[in-house]
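First the structure, in the form of structure tokens, and then the observations on it.
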Amino acid sequence: MQTAQIKGNLNLDYAGSEAFNTVCSNLTFSGKNIKKIVVMSCEPNDGKSFIAIQVAANMARRGKRVLLMDADLRLSVMNARYEIQLSGAGYGLAHILSGQCMLEDAMYETNVPNIWFIPIGTDVQAPLSLIATPDFDALIKNLGESFDLVIIDAPPVGLVIDAAEIAKSCDGSVLVLEYNKTHRRALQAAKDQMERAGIPILGCVLNKVTMDRL
């Protein structure tokens, strides 16, 4: 297994820490069979990657073995934003699904205790050909059996169908909304898409809230 160094700052202030304690407690009470969770947003830059990695970190501090997967194969920001440095050849999800490497070649034990990471590996122009396959479903099922929790950072649901396809392999979804930006129509469309995929929305996270103007 490879290693990954997350050099970006994951620390939060008191209010932020308490907010994620609440989010993760609610996820814990979603049910013992809810282990594979996809995090998505309606639009880009709503903060879904921030929510995904912070949920993973919070759950890891609770003693859960967490697998964090970056599945935004079209336009990932996680490696750059959190300064994640990978050992080895830098294989990731795209390489696994295209048969270029084995799972263990693209799964990284991080410097954050109890967190393992699968990056995208490389951008893909047509990721549906990799995601909407039995191989992807089998991969997520395998990871769900090996870890206490699998957190998947998916593309925005309002732009492409990728997130809905990813969600089909999961137990539930979390929808990230940006305060004073996400439109009701976009939220309704995302909700409808998840319902068509047959995946429950476990809840919504309202991000980038200006507390003194809420």
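Hydrogens, waters and symmetry mates are skipped; everything else that's a heavy atom, side chains included, is used.
Distance alone, capped at 3.5 Å, is enough to place a donor-acceptor pair between the Asp148 side chain and the Arg65 backbone. In this structure, Asn207 contributes its side chain and Asp46 its backbone to a donor-acceptor pair below 3.5 Å. Using modelled atom types, one side-chain atom of Asp171 and one backbone atom of Lys35 make a donor-acceptor pair closer than 3.5 Å. In this structure, the side chain of Ser87 engages the main chain of Thr3 through a donor-acceptor pair within 3.5 Å. With hydrogens and angles disregarded, no donor-acceptor distance shorter than 3.5 Å links the side chain of Ser76 to the backbone of Asp72.
Under a hydrophobic-cluster definition in which Ile, Leu, Val, Met, Phe, Trp and Tyr are linked whenever side-chain heavy atoms come within less than 4.5 Å, directly or via other members, Ile34 and Ile152 are assigned to different clusters. Hydrophobic clustering of Ile, Leu, Val, Met, Phe, Trp and Tyr side chains at less than 4.5 Å, counting indirect connections, keeps Val176 apart from Val150. Residues Leu12 and Leu27 fall within the same hydrophobic cluster, defined by Ile, Leu, Val, Met, Phe, Trp and Tyr side chains chained together at heavy-atom separations under 4.5 Å. Connection of Leu68 to Met40 is not established within any shared hydrophobic cluster, with ILVMFWY side chains joined at heavy-atom distances below 4.5 Å, either directly or through further cluster members. Both Tyr179 and Val157 sit in one connected hydrophobic cluster of ILVMFWY residues. Membership requires side-chain heavy atoms under 4.5 Å apart, directly or through other members.
Within a 6.0 Å sphere centred on NZ of Lys181, other residues, nucleotides and ligands contribute more than 12 heavy atoms. When the shell of 6.0 Å around OH of Tyr91 is examined, it contains 12 or fewer heavy atoms from other residues, nucleotides or ligands. Surrounding CZ of Arg62 are more than 12 heavy atoms belonging to other residues, nucleotides or ligands, all under 6.0 Å away.
Under the 4.5 Å side-chain criterion, counting only non-hydrogen atoms from C-beta, Asp70 is not in contact with Ile84. The shortest distance between side-chain heavy atoms of Leu103 and Leu139 falls below 4.5 Å. Side-chain atoms of Ile166 and Phe136, non-hydrogen and from C-beta on, do get closer than 4.5 Å to each other. Between Glu178 and Glu43 the shortest side-chain heavy-atom distance does not fall below 4.5 Å. Looking at heavy atoms from C-beta onward, Phe20 lies in side-chain contact with Val55 at the 4.5 angstrom threshold. Between Ile140 and Met69 there is a side-chain heavy-atom pair separated by less than 4.5 Å.
Between Asp153 atom CG and Lys48 atom NZ the span is 3.5 Å, to the nearest 0.5 Å. Taking CG of Leu86 as the start and CD1 of Ile6 as the end, the distance is 9.5 Å to the nearest 0.5 Å. Distance check: Gln188 CD to Gln193 CD gives 12.0 Å after rounding to the nearest 0.5 Å. Note that CE of Met107 is 7.0 Å distant from OG of Ser146, once rounded to the nearest 0.5 Å. Taking CZ of Phe147 as the reference point, atom CE of Met59 lies at 15.5 Å (rounded to 0.5 Å). Here the CG atom belonging to Leu143 is positioned 11.5 Å from the CG atom belonging to Leu149, to the nearest 0.5 angstrom.
A side-chain donor from one of Asn21 and Glu18 sits under 3.5 Å from a side-chain acceptor of the other. Using a 3.5 Å distance cut-off with no hydrogens or angles, the side chains of Asn58 and Gln54 do not pair a donor with an acceptor.
Considering all non-hydrogen atoms of both residues, Met194 and Ala167 come closest at SD-CB, 3.9 Å. Ala197 and Ala164 make their closest contact through CB-O, 3.9 Å (heavy atoms, listed as atom of the first residue, atom of the second, distance).
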Scan the side chains in residues 112-130 for donor-acceptor partners under 3.5 Å anywhere in the protein, sequence neighbours excluded, and list what turns up.
from	atom 1	to	atom 2	distance (Å)
Asn114	ND2	Ala60	O	3.1
Ser129	OG	Ala126	O	2.8

